[in-house]
> 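Have a look at this one before I ask anything.
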Amino acid sequence: MALALVDCESFYASCERIFRPDLKNTPIVVLSNNDGCVIARSTEAKKMGIGMGVPWFKVKKSFLLQGGQVFSSNFTFYGDMSARVMNILEGFVPEIEIYSIDEAFLGMDSLEEHYNLYEFGCYVRSLIKQWTGVPVRIGIAPTKTLTKIALNEAKRINVPTKVHQISTTKEIREALRNTPIRDVWGVGRRLSEHLNQAKISNALQLADIDPNYIKRKFSLVLERTVRELRGQRCLDIENNVSAKKQIVVSRSFGNRVADLKTLRSIVSNFAVRASEKLRNEKQKCSQVSVFVRTSPFSNHKPQHTGHKTMELLNPTNDTRDILIAAKKALLPIFKPGYDYAKAGILLSRFTNETTKQYSLFKDPNEPKDNSKFMKYIDQLNNYETQIYFASQNTKRWSPMKQNMTSPKYTTSWYELPIVK
DNA sequence: TCTGGGGTCCTAGGACCC
DNA sequence: TCTGGGGTCCTAGGACCC
């Protein structure tokens, strides 16, 4: 019984290096929207002590002085590189779950009798490196939670191939003993605090507790984690991509926004984008929520957060309906006199696009289904034209600051790398 | 000055029913 | 003085993930 976890090393930072061989040993960090936080670090940057999620302004000076290279996030590019890696993996295994942009679980049960899994992992790793330039690490173990532990162990004992398998009880217990409780998949900040209070500080101690006791004292979720650590598979490979249950579009602003008019145009932009995503998913929603909030970090200033959910009588994915609902929701939560730092829209309560639920109180004047109109707009927007709705802010999508973005090397004809 | 964005699952407790 | 019991459904919020 074995699963594998393939994890792209420092993914965004590695992507930035692919078309910039001159940056081979240079420390690299990639920043979040607005160039706010550090969200990816190359090994060199990690060694310099740059933490995950630290505000960029706090480390900027020393990082750059030491010769570091910084990039704003270029998600279009990372998404494309991710698809290439996943594509290769799909060709090698019967079962795959793409877990995030830089991770995938592989089902290895059927390969086990024909292959040496460790060698198989090394082979896949070298192919991915050769074909995409992305370095990956592979952990192999009986359960998902243990594959994460295997990766941790590989790092601790510094496995040069970056591929590591733990399968015997001895290997597993040794790896568990060396994993701090906080590094266990499913144990976050709060849980690790509670567990530490109960004198449970490493994964082995957690694994040795009766799962039933854990369920009573903590939760069903942690019980599953314990069983997984003991080698009992509770989480399977989920290869049918299940439909989304909610869609969120939100941003922090580069500059604070205090007036309703500006805020409304920003929220309109979010609504338009969220509706596009919804149509892409072939779903309709019947709930639209909007939220706004001031910056929790400016605690000397008056704070306000507001959120409001609108129910729609008929499920829709028409931008016009969603825009109306979003603007209605914004009105009661906006209060003048506050400097807003972030806003967002959340669509939920999805139904399939093709099923139509008629309202008991159907308005006889309600227009006929005009989904063709939105399809047409989507088509236009996919090319060079850009159709806007009147309430949108057409100058900037959201008031964001970002100016260190690398080219869209692989997704734009105009930005293809040039070989000289 | 400057602190990300987008998701999932679980659960306690409220609303409601008979 | 004393004010049922048991069930379902829904939702907001918490915790976690990358």
> Please report, rounded to the nearest Å, how far the C1' atom of B:dG4 is from the CG atom of A:N74.
16 Å

> Hey, what are the protein-to-nucleotides 13-16 of chain C N/O distances that come in under 3.5 Å?
| from | atom 1 | to | atom 2 | distance (Å) |
| --- | --- | --- | --- | --- |
| C:dA15 | OP2 | A:R190 | NH1 | 3.1 |
| C:dC16 | OP1 | A:G188 | N | 3.1 |
| C:dC16 | OP1 | A:L191 | N | 2.7 |
| C:dC16 | OP2 | A:R189 | N | 3.4 |
| C:dC16 | OP2 | A:R190 | N | 3.1 |
| C:dC16 | O5' | A:G188 | N | 3.4 |

> So, does A:S219 get its side chain near the phosphate of B:dT11, meaning an N or O under 4.0 Å from OP1 or OP2?
no

> Using a 4.0 Å heavy-atom cut-off, does A:L31 contact any base of the nucleic acid, only the sugar-phosphate backbone, or nothing at all?
nothing

> Answer yes or no: is there an ion pair linking A:D208 with A:R173, defined by an N-O contact shorter than 4.0 Å?
yes

> How would you label the contact of A:Q246 with the nucleic acid (heavy atoms, under 4.0 Å): base, sugar-phosphate, or nothing?
base

> Can a side chain N or O of A:R349 be found less than 4.0 Å away from OP1 or OP2 on C:dT11?
yes

> Taking the C1' atom of each, how far is C:dG4 from B:dC16, in whole Å?
16 Å

> Could you please name the option among B:dT3, B:dG5, B:dT11 that lies closest to any side-chain atom of A:L220?
B:dT11

> What pattern of brackets, bars and dots sums up DNA chain B from 5' to 3', given Watson-Crick or G-U wobble pairs under 3.5 Å, [ ] for crossing pairs and | for another strand?
....||||||||||||||

> Ring centres under 6.0 Å, that's the criterion: do A:Y99 and A:W185 meet it?
yes

> Checking all strands, does A:K245 fall into the base, sugar-phosphate, or nothing category for heavy-atom contacts under 4.0 angstrom?
sugar-phosphate

